[in-house]
Amino acid sequence: MSGSRGSGDDFRPIVDQSGPAPAARLPRVRRTTVKAPLVPTLPARPGRDPRPGRAAALGGRAPHLTSCDLDRRTAVLSITKEFHFSASHRLDHLPQGHPCGRLHGHNYVVELELGAHPDELTRPGFVRDYGELAIFRKWLDDTVDHRHLNDVLPDRNPSAEHLAMWIYGMWKEEFPQLIAVRVSETPKTWATYRP
Ligand SMILES: Nc1nc2c(c(=O)[nH]1)N=C([C@H](O)[C@H](O)COP(=O)(O)OP(=O)(O)OP(=O)(O)O)CN2
């Protein structure tokens, strides 16, 4: 793919393999309206956009933003990676007869979302190399996979919400760009911690 984006000369390449990329060489936006393709679009995957129909109403694009809008936002780019583990749990404090009060298990999905401003991208143009998240996979395998979550987290009810908060707290220091953790117990349910 060639370096320039769009039809005009508004933007310079994000990726420069020839040497260090000092801040001055990173793409700058003019004080005019920014063309939509450079602006991050909301995920179009079903069930992800908390405002269904909005992306479609915008033709799949975010609204036009000015450079001032971009400056105000700390993380306009984000990446996510999905991980899986299987575990059992039993939830306390539920009404009598609630099925989740009984011992049962889930094939959990965990998503880590890391964010950055375009000026903060690494030289290859990454928020963070997906490969660097491999240590999280190993930690999941070692800590929760095929375990009983009430034993792993004896001080709290292992709901999806508590798991998301726990994982965020455990990994924020290792991944400072971490902005959200999502935990799914079933294909239809997600809990998101985005402090
Ligand atoms: N807010 C939360 N609600 C529930 C949690 C949770 O962690 N946070 N957990 C459970 C159970 O552990 C389990 O996930 C059951 O959830 P549910 O969606 O009800 O699962 P089902 O497959 O039985 O639901 P269907 O509607 O039949 O697909 C409960 N609630």
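Note that these values count all heavy atoms, side chains included, but never hydrogens, waters or copies made by symmetry. Order of appearance sets the numbers: ligands from 1, and atoms from 1 within every ligand.
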Note the single closest protein heavy atom to atom 3 (N) of ligand 1, along with its residue, its atom name and the distance in Å.
Glu161 OE2, 4.7 Å
Near His104, which atoms of ligand 1 are under 4.0 Å from a heavy atom of that residue?
11 (C), 12 (O)
Atom indices of ligand 1, in the order listed, that fall short of 4.0 Å to a heavy atom of Ala160:
6 (C), 7 (O)
In terms of atom number and element, which parts of ligand 1 are under 4.0 angstrom from non-hydrogen atoms of Lys188?
25 (P), 26 (O), 28 (O)
Proximal atoms of ligand 1 relative to Thr189 (non-hydrogen, under 4.0 Å)
18 (O)
My understanding is that we take every heavy atom of each candidate and find the minimum distance to atom 20 (O) of ligand 1. Doing that for Asn157, Leu163, Val183, Thr186, which one comes out nearest?
Thr186
May I have the step-by-step check of side chain to side chain donor-acceptor pair (under 3.5 Å) for Ser78 and Glu113, ending in yes or no?
CA-CA 6 Å; Ser78 77; Glu113 181 177 358; 2.8 Å; yes
Just jot down the ligand 1 atoms closer than 4.0 angstrom to any heavy atom of Ser159, in number order.
7 (O)
Atom 14 (O) of ligand 1: which protein heavy atom is closest, and how many Å away?
Glu185 OE1, 2.2 Å
Report whether Leu153 and Phe136 are members of the same hydrophobic cluster (ILVMFWY, side-chain heavy atoms less than 4.5 Å apart, transitive linking).
yes
Going through the checks in order, is the side chain to side chain donor-acceptor pair (under 3.5 Å) test met by Ser86 and His146?
CA-CA 5 Å; Ser86 302; His146 284 76; 4.9 Å; no
Does His89 have its ring centroid less than 6.0 Å away from the ring centroid of His104?
yes
Protein heavy atom under 4.0 angstrom of atom 27 (O) of ligand 1, is there one?
no
Ligand 1 to Leu91, heavy atom cutoff 4.0 Å, flagged ligand atoms 9 (N), 10 (C), 12 (O)
Show which atoms of ligand 1 fall inside a sub-4.0 Å distance from at least one heavy-atom site of His89.
12 (O)
In terms of ring plane angle, is the pair Tyr193 and Tyr168 parallel, tilted or perpendicular, where the classes change at 30° and 60°?
perpendicular
Rounded distance [0.5 Å steps], CH2 in Trp171 versus CG in Leu178:
10.0 Å
Roughly how far, to the nearest 0.5 Å, is OH of Tyr130 from CG of Leu112?
12.0 Å
The closest protein heavy-atom partner of atom 11 (C) of ligand 1 is Cys100 SG, 2.4 Å
Rounded distance [0.5 Å steps], CZ in Arg156 versus CE in Met165:
7.5 Å
Heavy atoms of the protein only: does one fall short of 4.0 Å from atom 7 (O) of ligand 1?
yes
With heavy-atom distances below 4.0 Å as the criterion, list the atoms of ligand 1 near His106.
12 (O), 13 (C), 14 (O)
Distance flag for atom 23 (O) of ligand 1, protein heavy atom under 4.0 Å
no
Pairwise distance CD(Glu120) to CZ(Arg128) - rounded to 0.5 angstrom
13.0 Å
So, taking the atom named CZ in Arg137 and the one named CG in Leu140, what distance separates them when rounded to the nearest 0.5 Å?
8.5 Å
